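Treat the numbers as computed from the prediction; the structure is a model and nothing was measured. Sequence lines set the chain letters: A, B, ... in the order given, protein chains first and strands last, and positions in each chain run from 1. Only this structure's heavy atoms are used, side chains among them; waters, hydrogens and symmetry mates stay out.
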Protein chains: 4
Amino acid sequence: MNLRKQKVAKKRKEMFRSAAKVVTNKGYDRATMEDIAAELLMTKGALYYYFDNKEDLIFQCHDLILSEALNEIEEIASMDLSPELKLEKAIKTHIDYAINEKEMFNMILVPEHTFVDDHLKLILEKRKRYTSVFDRIIEEGINKEDFKTSDSKMIRMIILGAMNWIQTWYSPRGGRSAEEIAETYSDLLLKLLS
Amino acid sequence: MNLRKQKVAKKRKEMFRSAAKVVTNKGYDRATMEDIAAELLMTKGALYYYFDNKEDLIFQCHDLILSEALNEIEEIASMDLSPELKLEKAIKTHIDYAINEKEMFNMILVPEHTFVDDHLKLILEKRKRYTSVFDRIIEEGINKEDFKTSDSKMIRMIILGAMNWIQTWYSPRGGRSAEEIAETYSDLLLKLLS
Amino acid sequence: MNLRKQKVAKKRKEMFRSAAKVVTNKGYDRATMEDIAAELLMTKGALYYYFDNKEDLIFQCHDLILSEALNEIEEIASMDLSPELKLEKAIKTHIDYAINEKEMFNMILVPEHTFVDDHLKLILEKRKRYTSVFDRIIEEGINKEDFKTSDSKMIRMIILGAMNWIQTWYSPRGGRSAEEIAETYSDLLLKLLS
Amino acid sequence: MNLRKQKVAKKRKEMFRSAAKVVTNKGYDRATMEDIAAELLMTKGALYYYFDNKEDLIFQCHDLILSEALNEIEEIASMDLSPELKLEKAIKTHIDYAINEKEMFNMILVPEHTFVDDHLKLILEKRKRYTSVFDRIIEEGINKEDFKTSDSKMIRMIILGAMNWIQTWYSPRGGRSAEEIAETYSDLLLKLLS
DNA sequence: CATGAATGAGGGTTCATTCAT
DNA sequence: GATGAATGAACCCTCATTCAT
C-alpha cells in the first residue's frame with residue numbers, strides 16, 4: 001500500500017523528531033528508550049517494532065537530517081549563480097538549519113560520542129561530502145578571482161565553526177531573529193574572502 | 001608535610017589529565033571510572049580516595065582548565081597593549097589551549113551534557129567571565145576606533161565558534177602546526193573588525 | 001484490566017512476604033535485592049519493575065503490615081465490649097501477629113535502623129496511632145473503674161514490650177501453641193491492671 | 001608493664017564506648033570503621049592495631065557489657081536475700097543498664113543481626129546464662145512459696161521483654177527518672193508473681 | 001501492532017581490610 | 001603505634017533488549 005507506506009514514513013519522521021528532542025536535551029547516553037517512547041506517548045517496546053535498536057533509531061535520525069541538509073546545499077552549489085551568492089545562500093541555509101532544526105542539528109554535532117564503527121564511518125563520509133561542497137564553492141570563487149585567499153580549507157573551517165557555534169547561544173527569546181543572524185553572519189564571513 | 005601536599009597535587013593533575021583523555025575519547029557517560037583508573041594504572045576504588053564521585057572528579061578537572069585559561073586571558077586583557085594586539089594575543093592563547101590541551105579543552109566544550117544544577121551553574125558563570133573578556137577587548141577597540149563594527153557580541157561569537165571548532169579537525173599529523181593555525185586564524189578573524 | 005490488577009496485587013503481596021523473610025533473617029542491610037529476588041525465583045532487575053528501590057520495597061512492606069494491624073486493633077477498640085475484654089482481644093491479636101506473621105512483625109520492630117527522614121516519620125506516626133489505641137482502651141477502663149492504675153502509659157509500655165519480645169524466643173517447635181501463649185499473656189498482663 | 005596494660009585497657013574501654021555509640025546510632029552495618037575511628041579522633045587504620053577486624057571489635061564490646069551485667073546479676077542471685085528482694089534488685093539493675101548504658105545495651109539487643117557462627121554462639125550462651133539467673137530466682141521464690149505461678153519461664157520472658165523495651169522509648173528529657181521507672185517496673189512486674 | 005514483564009550485563013559507589021612508610 | 005593510600009569484593013540501580021500474550 002502506498003498510503004500505508006506514507007503513513008509509516010510520517011510516523012517515522014515523528015519519531016525522529018521526538019528522538020532528536022530527547023537526545024538533544026539529555027545527550028545520547030542519558031536519553032533512554034523509555035524517554036523517547038514517553039515523548040511519543042508510546043511504550044518502549046513499540047519502538048522496537050520500527051527500529052532494530054537505539055543506535056539504529058538515532059542513526060537513521062542522524063542520517064535523515066544530514067541527507068536533507070546535504071541535498072539542499074548541493075542544490076545550491078549546482079545553481080547558476082556567482083560563487084559569492086552561492087556561498088551566501090549556503091551560509092544562510094546552514095544557519096537556518098542550525099536555528100530552526102536546533103534539536104536535530106544539535107544532536108549531530110559530535111557523532112564520535114554517539115556512534116562507532118560502520119555507523120560512524122557512514123556519518124563521517126556524509127559530513128565530508130557536506131563540507132566539500134563548501135570547499136568547491138570557495139575554490140570556484142578563487143578560480144574566478146572573486147575570492148582572495150590562499151587557504152580555502154581554513155576559511156571553510158572558520159565559517160563552519162562559527163555557524164555551528166550558534167546553537168550554543170541562540171535562543172528564540174533573544175533579541176535577534178534567525179534571519180538577522182543569518183544576514184549578519186553571511187556579511188561578516190564573506191569579508192574573510194575579500 | 002608540604003612535600004606530601006605537593007605530591008598529592010601532582011597526582012591530582014595526573015588524574016585530571018587521564019580523566020580528560022578518557023572523557024574526550026568516549027564522552028562523559030561512556031567513560032567509566034574503571035577506564036579512567038586503568039589509564040592511571042590504578043583501581044577504580046583508589047579514585048574515590050581523591051574524589052567524591054565521578055561528577056566531582058570531572059567537575060574539578062573542568063574547573064581547573066577553565067580557571068587557568070581565564071587567568072591567562074584576563075592577564076592579556078589587562079596588559080598595556082593596543083586592543084588589536086590584545087585580541088591577537090587572546091586568540092592565539094585560546095587556540096594554543098584548543099590544540100595543545102586538546103583533551104582538556106574538548107571535554108569542556110558542552111558542559112550541558114555533563115553537569116546539572118550547581119555544577120553547571122558554576123561552570124557557566126566562569127565561561128561567561130571568559131567570554132566577557134573578549135567582549136571587553138573588542139569594545140575597547142571600538143571605543144578607540146581601532147575596530148569597526150556595530151555588533152561586538154556577534155563578532156565575539158564568530159571568533160569563539162571558529163576557534164572552538166578547531167579541535168574537531170586538528171591533528172598533529174596534519175600539515176599545519178599550531179603556530180601556523182593560530183597565525184592564520186588571528187589574521188583572518190581580525191579582518192572581521194576592519 | 002481488573003484481573004490484571006488483582007494479579008499484580010497478589011504478586012506484590014508475595015514480594016512483601018519474601019522481602020520480609022529475608023530481611024528478618026539477615027537484617028535490612030545484609031539482605032540484598034538479589035537475596036530477595038532469589039527467594040522469589042526472580043532476577044534482581046524484575047524487582048525494580050515493581051519498586052523504585054530497596055527502601056521503597058521495604059517501606060511498602062512495612063506500611064502494609066502496620067496498616068493491617070492498626071485496622072484490626074482499631075476495630076477492636078470500637079467494639080461494644082468492656083475495656084477488659086477489649087484489652088484481652090487486643091493483646092491476643094497483637095500476639096497473633098507477633099507469632100503468625102513473625103517475619104513481617106520482626107522486620108518492623110526497630111524502624112530506626114532501616115528508615116530515615118520521611119519514611120521514618122510516616123512509620124513512627126502510624127506506630128503512635130497504634131500504641132494510642134492501647135492507651136485509649138486502658139484509660140477507658142480506668143474511667144469505668146475497671147482498671148486500677150495510676151500510670152496508663154507505663155502499663156501500656158510494659159504490655160507492648162512483653163509482647164514484642166515474644167518473637168525473639170518463640171518457635172513453632174517449642175512446647176506452647178500460639179493460643180496458649182496468647183492466653184497466658186493476656187491473663188498475666190491483665191493482672192497489672194487489677 | 002602493669003601501668004601500660006592499664007593504659008591500654010582504659011583505651012580499649014574508650015573504644016568500646018565510641019563503637020557502641022556509633023553502632024547504636026546507625027546500626028552495625030551502617031556504622032563504618034571510619035565512623036568509629038572519627039568518634040575516637042583516630043584514623044581507621046589505627047583501629048586495626050587494637051582489633052582484628054570490625055566484628056572482633058564489636059564482639060569484644062558486646063562481650064564486655066554482657067559479662068559485666070552477668071556478674072552483677074549473678075552476685076545478686078547469690079546474696080542472702082528473699083527471692084522477692086533478689087528479683088527486685090535484679091530488675092532494677094537490668095533497668096539501670098538499659099537506661100544508663102543505653103548505647104551499649106541497645107547494641108546487644110538483637111545479636112542475630114550482627115554475628116554469625118562462633119561469635120553468635122558465644123553471645124547466645126552468655127545470654128542464656130543471664131536469663132537463667134532470673135529463672136533461678138523465680139524458681140527459688142516458687143519453692144519457698146513466696147511466688148505463685150505455674151510458669152516461671154513465661155514470667156521471666158514477660159519481665160525481660162518489658163524491660164528491654166524501655167530503651168525504645170526512654171529519653172532523659174522525658175518526665176520520668178531512671179529510678180522512678182525502675183521502681184514502677186519492679187512494683188508492677190512483681191505483681192505478676194503474686 | 002502494542003504492552004507488560006522480565007532479563008542480564010554493566011557502572012557508580014562503599015567499605016572492610018591491608019600495607020609500606 | 002599511626003597514617004595515607006590502595007585494593008577488591010559486593011551491592012544498588014539502570015537500561016537496552018527480548019518475548020509471551
Side-chain angles (χ1 to χ4, degrees), chain A residues 4 7-8 11 28-37 40-58, chain B residues 1 3-5 7-8 11 26 28-37 40-58, chain C residues 1 3-5 7-8 11 26 28-37 40-58, chain D residues 4 7-8 11 28-37 40-58:
Chain A
R4 172 145 308 177
K7 250 187 163 174
V8 169
K11 188 152 207 171
Y28 178 80
D29 288 293
R30 293 183 192 182
T32 71
M33 290 297 266
E34 202 140 286
D35 291 335
I36 297 170
L40 285 155
L41 305 177
M42 281 180 162
T43 57
K44 194 160 54 161
L47 281 179
Y48 284 88
Y49 179 77
Y50 296 95
F51 304 98
D52 287 348
N53 50 47
K54 186 178 175 184
E55 188 172 328
D56 177 45
L57 161 58
I58 303 303
Chain B
M1 289 297 110
L3 189 63
R4 175 139 305 176
K5 276 197 177 169
K7 246 185 164 177
V8 168
K11 187 149 214 169
K26 302 201 170 193
Y28 179 81
D29 288 294
R30 291 185 190 181
T32 72
M33 290 298 265
E34 205 145 276
D35 291 336
I36 296 170
L40 286 155
L41 303 178
M42 282 179 160
T43 57
K44 191 162 55 157
L47 285 177
Y48 285 90
Y49 184 77
Y50 295 93
F51 303 98
D52 287 347
N53 50 47
K54 186 179 174 183
E55 188 171 329
D56 177 44
L57 162 58
I58 303 304
Chain C
M1 289 298 110
L3 189 62
R4 175 141 304 176
K5 277 197 178 168
K7 247 186 165 175
V8 168
K11 187 148 215 169
K26 303 202 171 194
Y28 179 81
D29 288 294
R30 291 184 191 182
T32 72
M33 289 298 265
E34 205 143 276
D35 291 335
I36 296 171
L40 286 156
L41 303 177
M42 281 179 160
T43 58
K44 191 163 51 162
L47 284 178
Y48 285 91
Y49 184 76
Y50 295 93
F51 303 98
D52 287 347
N53 51 47
K54 185 179 173 183
E55 188 172 330
D56 177 44
L57 162 57
I58 303 303
Chain D
R4 172 145 308 176
K7 249 188 164 175
V8 168
K11 188 151 206 172
Y28 179 81
D29 288 293
R30 292 183 192 182
T32 71
M33 289 299 266
E34 202 140 287
D35 291 335
I36 296 170
L40 285 156
L41 304 177
M42 282 179 159
T43 57
K44 193 159 54 161
L47 282 179
Y48 284 89
Y49 178 77
Y50 296 95
F51 303 98
D52 288 348
N53 50 46
K54 185 179 176 183
E55 189 173 329
D56 178 45
L57 161 57
I58 303 303

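Ranked by how close their nearest DNA chain E nucleotide is to the 5' end, B/Glu34 and D/Glu34 are led by B/Glu34. Each of B/Glu55 and C/Tyr50 was matched to the nucleotide of DNA chain E holding its nearest heavy atom; the match closer to the 5' end belongs to C/Tyr50.
One interatomic measurement links the two molecules: CE of C/Met33 to P of E/dT14, which rounds to 18 Å at whole-angstrom precision. C/Tyr48 has its OH atom 18 Å from the P atom of E/dG10, to the nearest Å. One can place CG of D/Asp52 at 14 Å from P of E/dC19, the figure rounded to the nearest angstrom.
Judged by the 6.0 Å and 45° rule, C/Lys54 forms no cation-pi pair with C/Tyr48.
One can find a donor-acceptor pair under 3.5 Å joining the base of F/dT17 and the side-chain atoms of A/Lys44. Not a single donor-acceptor pair, N or O on each side, falls under 3.5 Å between the base of E/dT17 and the side chain of D/Lys54.
The shortest side-chain heavy-atom distance between A/Leu40 and A/Leu47 falls under the 4.5 Å cut-off. Side-chain contact between D/Phe51 and D/Met33 is absent, with no heavy-atom pair separated by less than 4.5 Å.
The backbone N or O of D/Ala31 sits nowhere less than 3.5 Å from a side-chain atom of D/Asp35 that would complete a donor-acceptor pair.
Pair assignment for E/dA6 gives F/dT17, based on Watson-Crick or G-U wobble hydrogen-bonding distances that are each under 3.5 Å.
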